[in-house]
Protein chains: 2
Amino acid sequence: MARVADQLIETLRNDIRSGVLRPGDQLEEAALAERFGVSRTPVREAVRSLVDSGLLETKPRKGALVRVLSAKELIDLFEVAAELEGMACRLAAERLTAGKAAALEDALQFCRKAADANDQDGYAKANLAFHQAIHNAAGNSRLIEQIEQLAGHINPYRAMPFQMRGRLQKSTEEHAAIAEAILENTGTQADELMRDHMMLQGQRLPMILEAIEPR
Amino acid sequence: MARVADQLIETLRNDIRSGVLRPGDQLEEAALAERFGVSRTPVREAVRSLVDSGLLETKPRKGALVRVLSAKELIDLFEVAAELEGMACRLAAERLTAGKAAALEDALQFCRKAADANDQDGYAKANLAFHQAIHNAAGNSRLIEQIEQLAGHINPYRAMPFQMRGRLQKSTEEHAAIAEAILENTGTQADELMRDHMMLQGQRLPMILEAIEPR
DNA sequence: AAATTATTATATGTATACATATATAGTTCA
DNA sequence: TGAACTATATATGTATACATATAATAATTT
């Protein structure tokens with residue numbers, strides 16, 4: 001059974017992820033109900049669920065709106081995400097198997113190809129695959145869950161095409177160093193490299209925040 | 001306005017936290033509605049919310065039940081919680097202010113008193129206060145949010161009175177070492193000490209799991 | 001007697017109707 | 001003309017009624 005509410009959650013989440021809905025946008029139950037041709041009941045469920053997950057927020061008598069994160073909140077988010085990504089690297093190094101190692105090297109190759117071709121979209125996918133290969137090798141499902149939760153909050157602020165020149169090559173080099181550390185079983189170094197890698201992304205936050213301008 | 005749904009969430013969460021509701025217990029919407037004298041609507045909201053937060057799970061046509069974590073899932077949970085608690089120590093060491101330092105020392109004293117008096121309940125409170133003092137000093141609200149979320153999932157498995165002999169004194173000594181490291185601004189050491197401290201708790205998990213026996 | 005099918009009971013999921021509180025706009029009074 | 005008060009409109013929160021799917025039980029047939 002495909003619950004309407006679940007479809008709504010998925011749709012709204014994608015809209016936020018992709019930037020169709022921008023931080024600050026209002027969401028009104030009746031309007032959403034009409035748009036999707038359903039009653040307010042499943043709409044309410046979806047909105048509540050997204051509020052709980054932190055993607056939306058409610059203003060007292062104003063309904064729900066796409067959550068606007070302050071600069072401090074975004075930095076905090078990144079800090080935690082960086083820590084958990086680093087942890088994943090450490091665990092991956094400790095628990096690496098032959099299969100996981102191969103997958104990691106494959107993902108790294110994808111990054112290289114996309115970077116060489118200067119393919120932004122391709123790199124976004126390869127980048128995700130690289131990180132996921134690490135998560136997968138870490139062997140901790142809760143860790144993955146937490147990382148994905150945080151990523152879901154960061155994504156709306158990453159949707160803007162805001163790649164710096166040469167960042168793809170640089171990012172790939174960082175990935176290579178991380179992968180090497182994991183493959184060589186030096187977990188603490190992989191941890192540190194990944195945290196630095198993540199924090200470099202974080203440094204662009206002020207610029208991104210300025211460019212987004214919630215409406 | 002105090003929404004009924006929010007009160008229900010609070011009540012159910014407490015019931016789970018305190019062990020009134022045990023992992024595996026069934027929750028039926030109609031029954032809850034009658035118990036609290038409200039309609040199914042706010043009950044549904046509360047249940048959905050708790051499912052989203054991971055405290056409940058739904059079986060296809062069986063309604064909601066208090067989520068049962070496998071041993072592996074609990075270990076994963078602890079691993080992540082330990083990492084974030086360690087991170088909090090590292091940040092606290094970096095960002096410590098005079099006021100936060102004093103609060104930390106106070107909390108440590110509470111732990112000492114409760115441990116000396118062999119006061120289990122008192123120690124539970126002091127222990128919480130000690131950790132919160134560190135969280136507070138870390139200056140990252142998202143970190144606190146994540147830690148509390150994880151704690152909410154661990155708590156049902158910690159409700160059982162299962163303190164080992166002498167564990168209070170030992171735990172306090174560990175706290176003291178952690179506090180010292182933070183106060184001396186050696187963040188990485190505080191991080192490691194805290195992770196070890198947390199993992200000692202985690203080691204008792206198999207015993208606790210055996211004792212709980214979901215119904 | 002056993003197996004299969006049909007029926008009923010009970011759960012969730014959705015729609016609609018109703019209550020209530022707040023914000024806004026309009027009117028009235030000073 | 002300005003301020004205050006009232007009324008109305010519009011939002012959320014709750015209750016109730018309805019639809020539907022599944023599981024269990026009973027009945028019928030082989």
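Throughout, a chain's letter reflects where its sequence line sits, starting with A, and its residues are numbered from 1. Just so it is clear, the model here is predicted, and its values are computed rather than measured.
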Checklist entry - Which nucleotide in the list D/dT14, C/dT14, D/dT12 gets nearest to the side chain of A/Glu29? => result D/dT12

Checklist entry - How long is the line joining CD of A/Glu45 and P of C/dT12, in whole Å? => result 12 Å

Checklist outcome for this item: The nucleotide from D/dG13, C/dT14, D/dA15 with an atom nearest the side chain of A/Ser39 is C/dT14

Checklist entry - Just wondering, more than 12 heavy atoms not from A/Glu94 lying within 6.0 Å of its CD? => result yes

Item to check | Value in whole Å for how far the C1' atom of C/dA15 lies from CZ of A/Phe36 | outcome: 18 Å

Item to check | Euclidean distance, atom CG of residue B/Leu27 to atom C1' of C/dA11 [Å, nearest integer] | outcome: 14 Å

Item to check | Nearest-Å distance for atom pair NZ/P, residues A/Lys59 and D/dT10 | outcome: 21 Å

Next on the checklist: Using every non-hydrogen atom in the two residues, find where A/Val43 and A/Glu29 come nearest and quote the distance to one decimal.
Outcome noted: CG1-O, 3.7 Å

Checklist outcome for this item: Taken to the nearest whole Å, CZ/A/Arg48 to P/D/dG13 is 7 Å

Checklist entry - In whole angstroms, how far is the C1' atom of C/dA15 from the CZ atom of A/Arg3? => result 15 Å

Checklist entry - So B/Phe130 and B/His175, would you call those rings parallel, tilted or perpendicular, with 30° and 60° as cut-offs? => result parallel

Item to check | Donor-acceptor pair under 3.5 Å, A/Arg40 side chain vs D/dG13 base | outcome: yes

Next on the checklist: From C-beta outward on B/Arg44, which listed nucleotide comes closest to its side chain: C/dT14, D/dA15, D/dT12?
Outcome noted: C/dT14

Item to check | Whole-Å gap separating C1' (D/dT16) and CD (B/Glu34) | outcome: 15 Å

Next on the checklist: Heavy atoms only, 4.0 Å cut-off, all strands: where does A/Glu28 land among base, sugar-phosphate and nothing?
Outcome noted: sugar-phosphate

Checklist entry - Between A/Thr41 and C/dT14, is there a side-chain N or O to OP1/OP2 distance below 4.0 Å? => result no

Checklist entry - Should A/Gln120 and A/Arg167 be marked as a side chain to side chain donor-acceptor pair (under 3.5 Å) after you check the CA-CA gap, both sets of side-chain angles, and the distance that decides it? => result CA-CA 10 Å; A/Gln120 299 269 349; A/Arg167 178 72 192 129; over 6 Å; no

